[in-house]
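In what follows, a structure is listed as C-alpha cells, so that the remarks can point back to it.
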Amino acid sequence: MDYNFREIEKKWQKYWVEKKTYQVEIDRSRPKYYVLDMFPYPSGAGLHVGHPLGYIASDIFSRYKRLSGYNVLHPMGYDAFGLPAEQYAIQTGQHPAVTTEKNIARYREQLDKIGFSYDWEREVKTCDPAYYKWTQWAFLRMFNHWYNRKTNKAESIEILIAAFEKNGSAGIDAACNEHEPFTAAGWKSMNEKQRMDLLMNYRIAYQADATVNWCPALGTVLANDEVRDGVSIRGGHPVEQRKMKQWLLRVTAYALRLLEGLDLLDWSDSLKEMQRNWIGRSEGAEIAFRIKDYNEPLVIFTTRPDTLWGVTFMVLAPESEWVEKITTPAQKAEVDAYVTEVKKRNERERMADTRKTGRFTGAYVIHPFTGEEIPIWVSDYVLAGYGTGAIMAVPAHDQRDWDFAKAFQLPIVPVIEGGDIEKEAFDSWDAKVINSDFITGLVVPDAIRRVNEEISRRGLGTPKVQYRIRDAIFSRQRYWGEPFPIFYKDGIAFPLPEDQLPLTLPEVESFQPTEKGEPPLGRAKHWKTKDGYKLELSTMPGFAGSSAYYLRYMDPKNDKALLSKEADDYWQDVDLYIGGTEHATGHLIYSRFWNKFLFDTSVVCKDEPYRKLINQGMIQGRSSFVYRIKNTNTFVSLNLKDQYDTTAIHVDVNIVDNDQLDIEAFKKWNPEYAAAGFILEDGHYICGWAVEKMSKSMFNVVNPDTIIERYGADTLRMYEMFLGPLEQSKPWDTNGIDGVHKFFRKLWRLFHDQMNAFRLSQEVPTPQELKVLHKTIKKIRDDIERFSFNTSVSNFMICVNELTDLKCNKKDILEPLVILLAPFAPHITEELWSLLGHDTTVFDARFPEANPEYLVEDVFTYPVSFNGKMRFKLELPLGLSPQEIEKAVLADPNAQKWLNGAPPKKVIVVPGKIINMVI
RNA sequence: GCCCGGAUGGCGGAAUAGGUAGACGCGCAGGACUUAAAAUCCUGUAACCAGUAAUGGUUGUGCGGGUUCAAUUCCCGCUCCGGGUACCA
C-alpha cells in the first residue's frame, strides 16, 4: 500500500502523547488564544459522526493559530453529572460513577483516534470532587452576595447587613423578593432566624417557594418534558403543580446586563436574537385599580396603557392570592372547583391548549379614569409567573382577551382606530386612539407617553420594565449531582465553611427517593455536619457544573482557588467557542450570568466569557431503505419497486455503499433475510434513502471508528469539513468520501515515485509552480479566517491537481504545502514533514505567508458581455486604460459580429473584471 | 401565530465587494491499462433546440415584480422547507 494511513496515524498519535506536543503553559512571550468546544455529556451510546464536526473545526483553528505564533489553549472535558446515568442506575443498580467512568473511557478512545490537539493534562470532569469543590464554592459566594442596583453589581452580604444596622431597609435598592420595610431598630430587635429569613430575600443564591411539577409517587420534581397529559412519562404517575421550597439563582438581577452584553459579542444574529427573546424585555407600566369594597388596589402590568379605556374586564391567574381574597361567597364554590381543576394541569399543557376557560369572581374594580365598575374574572390564560399575575383585558385590541370575551359574552369596546373587531382583535402602533378621554386623537406612542404621565401624576402607577426571564430553579431531588454546601440549624439554612469543601457525594444503597418522599440523599448515613446538623438533601442541576468550566481549564489543578490570578490574567476569556444551538437559552445564559457574578466579585477579569461563538450545524442521518414485496421475502431494487406493492424497510447504512446494498451482508444482518430473494437492476440492488435524525432505530448511525478504520482519521476530518458550510445542518452521506481519500493518495504521490520511494527535487521552482502555491496559501488563509473549511478542502484539491499536472515534486513548493495542510490533516503532514528531514513536530513550524509578487498577472482574459450576457472572451494586457481596452474590444472581429455594424450605445469597462456593451 | 435561517445540475456544494453561474467532489457515460475484475489514469457531463461534427442559439440560481449597463447577490410581494419560540399582557 502506498499511503498507509493506519500505520501513520498510529505512529503520530503515539508521538504526540510521548512528546507532550499539545501541552501548554502560560508563556508571556507569546499572545494567548483560547479555543473551546462545548464539552460532551458522555452517553452510553458513544460518539457518532455528527459529534466531532465542531471539534474538528475548532481543532483546525487551534492548530492554525498555533502555527501562526499563538500560545493556544485547547482543552476538553466531560459534563459528567446528569439524568441518564442516574436513570440507568435506578434501573440496573449500577452506580452512576461507574457507568460514567466507563462512558468517559469510551469517549476518550474515540476522540483520540480522530487526532485532536487537546491538552489532556487540563481535562475536567464535573463529577470529580476536585472540580465540583469550585462549583460549590461559587454557590457559597452567591449565597453570601446580594445585587445592589445602585452600583449595578453583586456585593457582599456584609455590606447589606451594615446598611440594615444603620438605616434598616431604607435607601437600599436591591434585586430582591418582596418584603415589609423595616427600620434599623427593627433589624436590631430581630432574632437570628428572622434576620436569616430576611436576608434570604436578598441573596443571589436563595431559597424560596417555587411552583414545580411534583410527582408524589416518584418523590421528585420533574422537568416539563418529563410530564405529559398530567402524568409522568416514566411510570405514568400523576403529577401536580406544587409550591415547594427550592434553591434559586437570581438570574433576573442580571437581565439587563445579559441583554446589553449581547451587543458586543461576536455571535450569530440568530443566537443573540434567541437570547433576547428569552430575556424578553418589555416596557410598560404598572397600574393600580381600586377594588370595590376593598382597601388594597389590584396592580396589573401592561405594555399598552393607551388602551386603558378599552378595558372591559380584569383577569387573575388561578394561582393569584387575590382569587381567594376577593371571590364573593356566591361565586366561591364555582371558582374553587375551577382553580382545583386548573392546578392539575402543568404549565406546558395550559399553554398548549388555547381554548379559553375561566370563572367570574363576583368582585369588581373601579376604573381609575371613568369610575366604571369592571368585573374581575379568573382564567388560566393569565400566567402567575409573569408581571403581577393579573391583567387588564382589552378585548378589542388583544387577541387572547378577544377570545375570552367571545367565550363569555363580555363587551368589546374599540379604542384604536381601524380593524374590524367583529372578526378579530386589532393591533397597531401608528393608528389613532379613539373613545379615550384626553388621549383621543393621539397616535399610539404619544398616547402611551401621555397616559404614563397622567398615571404617575395621579399616583396610580409607574412606568415599568418587565422581563420574561425567571430566576433559575437550582435544586433537584436527585442523586447524581453536586451536593449543596448547606446545613440546617433550627430550620435555618447556613452555609458550610469554605474550608470544608468539597462536600462529597455520599454513598446510598438505592437511588430512589425515600419512603418519606425525600431525595435519595435522605438515605445516606451520617449526612450531617461534624456538629451533627442535617445537610441539604437536594443536589444541583446539570447546568451548575458547566457554568464555569471554561475558567477551570485555565488552571485545572489549583486546589487553592478556582483559578489563579496569574492564569486569569493571561488566558482571560474564550476567544472562540464552538458548539450546538441547543444550548442557546440554557447553558449560554447561565454561564454568562455566572461569569458576570464572578466578574462583579473580582474573581475574573472579563465581563463576558465567550467572545466569538460559532454554532456548528447538526449532522442528520441518511437512512437507507430496501423494498420488500408485500407478503413475500423478496426485495426489489429502488427503480423497479413501482411495479410491485412494496413496504419500505430501514436497512443498516453500514452495509450500503453508494446506495448499493451489500446483499451478503444483508442476509447475515438479520436471520429473517437469510433466505431472501432479490430483484436487481443491472446486477445491483439499489437502496432508497431519506434524511432523518441520526438514531439507532433508523439504522442510520455511523460511528467515526468505522470510517477511520476504512479511510483514516485525516480523511474523516477533511470529509466532515468538505460536507458543506460549518453552520449548516446536513445529512451524513458517505457518497463523496472516496474523493477526499483519493486526494490524500494523490498528495502522497507528489512526494513519492512509482516505487513509493520518497523523492523530492531540490530544483528552483518555476513561476508557474510558485503561483499555484501562493494562490493556495492566500485562499487557505482567507478560508480559515472566515471558517469556510469546505472551500479550503476544494482549494487543496485544486492545488494538488495542478501540481500533479505540472509534475512538480520540488521541495520548495511541497514543504510549505505540508504546513498549510497540517491543521486539517495532522497525521499525514507529520509523516511528510519528518520525511522532509525535520525531527520536530510540524506544529512548531510557521504558517506560510502568501507572497503577492508571485501572484501578479500581466494579462487578463476579459469576459465580453452584450447587454449583460457573456458572449466571448478576450485576452488583454492588464496595464491598459479603459479607453485602450474599449478600442481593443471594438477592433475585435468577435465584437463586430455582435455589433452588427452599428456602434454600441454604451461601453462599460471595469479593468481587470469585465467589459459590457449596451446595444 | 411570532422570530431567525434556507431554496443553485442527478447529488453535496462554489461564486469572499453587484461583474464569466455551476469551482471542487460524488454519481453517470465513454475510453486507456488488464486474460478479467479491482485500483489507477484520461475525456465528457445544467436543460432545451439546430447540426454528422467542430459549433451555434435559447432558457436557466423556488415563484411574481422592481432597481441597474449588469442581480444567485440589492429592494417589494408570495410559495415551500428547516430551526427556535409561543396565552409573557
Side-chain angles (χ1 to χ4, degrees), chain A residues 2 268-274 276-278 280-282 284 300-304 307 315 347-348 350-356 379-383 385-388 390-394 397-401 403-404 466-470 581-582 584-585 615 617-618 620 622 658-659 689 691 719 722-725 727-740 742-743 745-746 749 779 782-783 785-786 788 790-799 801 804 861-873 904-910 912-919:
Chain A
D2 39 10
S268 72
D269 289 337
S270 68
L271 192 72
K272 287 190 196 179
E273 203 52 33
M274 270 192 226
R276 285 191 191 109
N277 290 339
W278 190 259
R281 182 178 196 271
S282 48
I300 55 92
F301 174 75
T302 178
T303 54
R304 294 296 299 273
T307 60
V315 189
E347 212 172 323
R348 183 198 183 94
R350 280 169 57 181
M351 287 174 178
D353 185 4
T354 53
R355 282 172 310 177
K356 295 289 180 285
S379 170
D380 68 350
Y381 85 91
V382 173
L383 302 178
Y386 185 77
T388 61
I391 62 152
M392 63 177 212
V394 185
H397 308 295
D398 182 295
Q399 192 59 46
R400 296 158 299 185
D401 298 342
D403 292 341
F404 191 84
Q466 272 292 341
Y467 291 93
R468 196 191 82 116
I469 194 170
R470 299 180 204 177
T581 357
E582 65 272 22
T585 50
N615 290 120
M618 240 192 4
Q620 297 139 311
R622 186 182 187 275
N658 283 348
D659 291 335
W689 59 274
V691 173
Y719 186 61
F722 191 51
L723 232 37
E727 303 189 49
Q728 235 170 62
S729 284
K730 55 234 155 188
W732 176 259
D733 177 356
T734 39
N735 282 349
I737 200 166
D738 285 325
V740 172
K742 261 188 236 173
F743 159 80
R745 292 219 294 250
K746 235 171 148 174
R749 279 200 303 272
K779 292 212 175 226
D782 285 357
D783 286 342
E785 291 286 352
R786 62 194 175 95
S788 175
N790 55 327
T791 51
S792 309
V793 180
S794 299
N795 283 318
F796 279 122
M797 287 173 170
I798 292 167
C799 176
N801 287 346
T804 303
T861 307
Y862 280 93
V864 183
S865 304
F866 292 82
N867 292 341
K869 288 238 177 279
M870 205 279 287
R871 294 304 180 181
F872 66 94
K873 287 175 186 176
K905 284 186 193 146
K906 195 173 174 186
V907 182
I908 290 114
V909 175
V910 184
K913 279 257 156 101
I914 198 170
I915 299 163
N916 188 23
M917 288 194 233
V918 187
I919 52 171

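We name chains A, B, ... by the order of the sequence lines, and we start the count at 1 in each one.
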(Q) How many whole angstroms separate atom CG of N277(A) from atom P of G83(B)? (A) 18 Å
Q) Roughly how far apart, to the nearest Å, are A36(B) and G44(B) at atom P? A) 26 Å
Q.
Please pick, from C3(B), U20(B), G84(B), the nucleotide with the shortest atom-to-atom distance to any side-chain atom of M274(A).
A. G84(B)
Q) How are the rings of Y719(A) and W732(A) set relative to one another: parallel (under 30°), tilted (30 to 60°) or perpendicular (over 60°)? A) perpendicular
**Q.** Between CG on residue N801(A) and CZ on residue F743(A), distance to nearest 0.5 Å
**A.** 9.0 Å
**Q.** P-based separation of C4(B) from G57(B) [nearest Å]
**A.** 45 Å
Q. At what distance, to the nearest 0.5 angstrom, does CZ of R276(A) lie from CG of L271(A)?
A. 10.0 Å
Q | Gap in Å between the two C1' atoms, one belonging to C69(B) and one to G10(B), rounded | A | 36 Å
Q | T804(A) and R749(A), any side-chain heavy atoms less than 4.5 Å apart | A | no
Q.
For a quick test of reading the model, state the closest non-hydrogen atom pair linking N615(A) to S268(A) and the distance between them.
A. OD1-OG, 4.1 Å
Q.
Could you tell me how far G9(B) sits from C2(B) if I compare only their C1' atoms? Round to whole Å.
A. 36 Å
(Q) What's the closest nucleotide to the side chain of M870(A) if the choices are A89(B), A21(B), A86(B)? (A) A21(B)
Q) M618(A) CE to G84(B) C1': how many Å, rounded? A) 12 Å
Q) How does RNA chain B look in dot-bracket notation if pairs are Watson-Crick or G-U with both distances under 3.5 Å, crossing ones as [ ], other-strand ones as |? A) (((((((..(((......[....)))((((((.......))))))(((((....)))))..(((((..]....))))))))))))....
Q | Distance, rounded to the nearest Å, where W732(A) contributes CH2 and C26(B) contributes P | A | 15 Å
Q: Using salt bridge (Lys or Arg N to Asp or Glu O under 4.0 Å) as the criterion, list what pairs up with D782(A), not counting sequence neighbours.
A: K778(A)
Q. Is the base of G9(B) syn or anti, where syn means the angle lies within 90° of 0?
A. syn
Q: Round to the nearest Å and state the distance from Q620(A) atom CD to G12(B) atom C1'.
A: 13 Å
Q. So which nucleotide from C26(B), A89(B), A86(B) ends up closest to the side chain of T303(A)?
A. A89(B)
Q: Considering only atom P, compute the distance from A23(B) to G18(B) and round it to an integer number of Å.
A: 22 Å
Q) If every non-hydrogen atom of S282(A) is compared with every non-hydrogen atom of Y386(A), which pair is closest and at what distance? A) OG-OH, 2.9 Å
Q.
Work out how far the C1' atom of A17(B) is from that of A71(B), and round it to whole angstrom.
A. 14 Å
Q.
Restricting to salt bridge (Lys or Arg N to Asp or Glu O under 4.0 Å), what partner residues turn up for E582(A), sequence neighbours left out?
A. none
Q: Determine the Euclidean distance between corresponding P atoms of U8(B) and C63(B); express it in Å to zero decimal places.
A: 10 Å
Q) Between T861(A) and A390(A), who's closer to the 5' end of RNA chain B by nearest nucleotide? A) T861(A)
Q. I914(A): what forms a side-chain contact (heavy atoms from CB on, under 4.5 Å) with it, not counting sequence neighbours?
A. P863(A), S865(A), V910(A)
Q. Would you say S282(A) reaches A89(B)'s phosphate, i.e. side-chain N/O to OP1/OP2 under 4.0 Å?
A. yes
Q | Atom pair distance, as rounded to whole Å: CZ in R622(A) and C1' in G13(B) | A | 15 Å
Q) How long is the gap from CD1 on I915(A) to NZ on K873(A), to the nearest 0.5 Å? A) 13.0 Å
Q | Option passing side chain to side chain contact (heavy atoms under 4.5 Å, CB included) with I391(A) (candidates T302(A), V382(A), D398(A)) | A | V382(A)
Nucleotide N/O to protein N/O under 3.5 Å, stretch nucleotides 37-41 of chain B:
{"from": "A39(B)", "atom 1": "O3'", "to": "R745(A)", "atom 2": "NH2", "distance (Å)": "3.1"}
{"from": "U40(B)", "atom 1": "OP1", "to": "R745(A)", "atom 2": "NH2", "distance (Å)": "2.5"}
{"from": "C41(B)", "atom 1": "OP1", "to": "R749(A)", "atom 2": "NH2", "distance (Å)": "3.2"}

Q: Kindly compute the distance separating OG1 (T585(A)) from CG (N277(A)), expressed to the nearest 0.5 Å.
A: 10.0 Å
Q: Could you tell me which residues satisfy side chain to side chain donor-acceptor pair (under 3.5 Å) with T791(A), sequence neighbours excluded, listed by chain and number?
A: D783(A), S788(A)
With the criterion being N/O to N/O and under 3.5 Å, what pairs connect the protein with nucleotides 56-65 of chain B, and how long is each?
{"from": "U58(B)", "atom 1": "OP2", "to": "R871(A)", "atom 2": "NH1", "distance (Å)": "3.1"}

Q | Geometric cation-pi criterion K356(A) and F404(A), 6.0 Å radius, 45° cone | A | no
**Q.** Candidate nucleotides C24(B), U85(B), A89(B), ranked by approach to the side chain of F301(A) - the nearest
**A.** A89(B)
**Q.** Any residue meeting side chain to side chain donor-acceptor pair (under 3.5 Å) with N867(A), in chain and number order, not counting sequence neighbours
**A.** none
All N/O contacts under 3.5 Å from nucleotides 14-18 of chain B to the protein, with atom names and distances to one decimal?
{"from": "A14(B)", "atom 1": "OP1", "to": "N790(A)", "atom 2": "ND2", "distance (Å)": "2.9"}
{"from": "U16(B)", "atom 1": "N3", "to": "R786(A)", "atom 2": "NH2", "distance (Å)": "3.4"}

Q. Rounded to whole angstrom units, what separation is found between the CG atom of D269(A) and the P atom of C3(B)?
A. 15 Å
Q.
Reading RNA chain B from 5' onward, which residue's closest nucleotide shows up sooner: Y386(A) or I915(A)?
A. I915(A)
Q: With sequence neighbours left out, write down each residue that passes side chain to side chain donor-acceptor pair (under 3.5 Å) with Q399(A), or none if nothing qualifies.
A: D403(A)
Q: Could you work out the separation of A21(B) and U16(B) based on their C1' atoms and round it to a whole Å?
A: 16 Å
Q: Taking salt bridge (Lys or Arg N to Asp or Glu O under 4.0 Å) as the test, write out the residues that go with R281(A), two or more places apart.
A: E283(A)
**Q.** Reported CG-to-CZ distance for the pair N916(A) and R871(A), which is rounded to 0.5 angstrom
**A.** 11.0 Å
Q. Looking at the side chain of I391(A), which of A21(B), G25(B), A89(B) is the nearest nucleotide?
A. A89(B)
Dump the pairs, protein N or O against N or O of nucleotides 68-74 of chain B, anything under 3.5 Å, distances to one decimal.
{"from": "C69(B)", "atom 1": "O2'", "to": "N916(A)", "atom 2": "ND2", "distance (Å)": "3.2"}
{"from": "C69(B)", "atom 1": "O2", "to": "N916(A)", "atom 2": "ND2", "distance (Å)": "2.7"}

Q. Whole-Å distance between U20(B) P and K873(A) NZ?
A. 10 Å
Q | Candidate nucleotides A86(B), G13(B), C24(B), ranked by approach to the side chain of K730(A) - the nearest | A | G13(B)
